[in-house]
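Everything on this sheet refers to the single structure shown next.
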Amino acid sequence: MSVFPEARFLTSANTAAQFVPDVGSELAFAGRSNAGKSSAINTIVHRNQFARISKTPGRTQLVNFFVLDKEQRIVDLPGYGYAKVSTKMQNHWKSLMENYFSARQSLAGMFLIVDVRRGFGEFDEQMLAFGEALGITTHVLLTKADKMKRGPAAAQYQKTRAHLVGRATVQLFSSHNRQGLDEARGRLRELLDRHTN
């Protein structure tokens with residue numbers, strides 16, 4: 001059974017005018033294409049296919065809003081860093097993201113999804129800096145931790161933690177074996193609950 005029994009998909013937005021009403025609190029999920037963003041959302045909410053998973057990177061091309069309970073939401077943002085997306089689409093996404101982050105008073109924070117095997121990259125750094133400039137609290141999920149041996153995964157965690165000290169919190173996470181699930185859910189609830197419009 002889902003830990004969020006009222007959770008459901010609300011709408012997809014391709015323009016700022018299509019965003020849901022800016023009330024309550026919401027948490028944005030951002031990350032490089034194929035970093036495991038949709039899988040992380042599904043695992044945290046405990047709903048299969050809640051956020052659509054595709055084997056083709058770059059399939060999340062809209063801003064997808066999901067309600068969790070009452071006036072709390074999560075928002076699945078377009079994946080970034082996928083080279084096969086056209087320049088026109090990349091520019092559209094950039095404009096859409098700027099509109100989203102600058103306009104949403106209900107934004108409680110951001111989960112930044114990073115594949116632990118790839119580490120913190122240029123696009124992740126840009127997203128973090130973007131969030132910092134707007135005063136957004138960021139929590140980094142180092143996903144796919146099950147695909148690395150414990151020692152190397154722990155080393156990558158420590159490296160990332162040192163890199164992000166004072167800028168973001170970070171944890172190891174796996175949708176496959178649910179490593180770090182309780183921590184991620186706790187952080188999500190904390191950010192949503194403490195945010196007031």
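Numbers for residues simply follow the sequence, beginning at 1.
Looking at N34 and D115, their side chains never come closer than 4.5 Å, going by heavy atoms from C-beta outward. Using a 4.5 Å heavy-atom cutoff, the side chains of Q72 and F4 are not in contact. Looking at V114 and T143, their side chains never come closer than 4.5 Å, going by heavy atoms from C-beta outward. Side-chain contact between D76 and K37: present, with at least one pair of heavy atoms (C-beta onward) separated by less than 4.5 Å. Side-chain atoms of L141 and Q171, non-hydrogen and from C-beta on, do get closer than 4.5 Å to each other. Put simply, the side chain of F101 reaches to within 4.5 Å of the side chain of M110, judged on heavy atoms. Proximity of F29 to V75: side-chain heavy atoms (C-beta onward) are nowhere separated by under 4.5 Å. Counting heavy atoms from C-beta on, the side chains of T43 and R178 come closer than 4.5 Å.
With sequence neighbours excluded, the residues forming a ring pair (Phe, Tyr, Trp, His ring centres under 6.0 Å) with Y100 are F19, listed by chain and number. Shown here are the side-chain contact (heavy atoms from CB on, under 4.5 Å) partners of E98, two or more places apart in sequence or in another chain: K94, F130. In this structure, Q179 has no side-chain hydrogen bond (donor to acceptor under 3.5 Å, both in side chains) partners at least two apart in sequence or on a different chain. Residues satisfying the side-chain contact (heavy atoms from CB on, under 4.5 Å) criterion with S102, sequence neighbours excluded, are absent altogether.
The list of ring-ring contact (aromatic ring centres under 6.0 Å, His included) pairs with a residue in residues 158-182, not counting sequence neighbours, reads F120-H163. Residue pairs meeting the side chain to side chain donor-acceptor pair (under 3.5 Å) criterion with at least one member in residues 151-161, sequence neighbours excluded, do not occur.
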### Query
Checking side-chain contact (heavy atoms from CB on, under 4.5 Å) for the pair V63/M97: CA distance, chi angles, key distance, verdict?
CA-CA 9 Å; V63 176; M97 291 303 90; 3.6 Å; yes
### Query
Yes or no on side chain to side chain donor-acceptor pair (under 3.5 Å) for N64 and S12, after CA distance, side-chain angles and deciding distance?
CA-CA 4 Å; N64 296 305; S12 295; 2.4 Å; yes
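Relative ring orientation between F66 and F9 is described as perpendicular, the plane-to-plane angle rising above 60° on a 0-90° scale split at 30° and 60°.
A side-chain donor from one of R73 and S106 sits under 3.5 Å from a side-chain acceptor of the other. For the residue pair S39 / N42, no side-chain donor-acceptor distance below 3.5 Å is found, with atom types taken as modelled.
Closest approach of L77 and A30 over heavy atoms only: CD1-CB, 4.0 Å.
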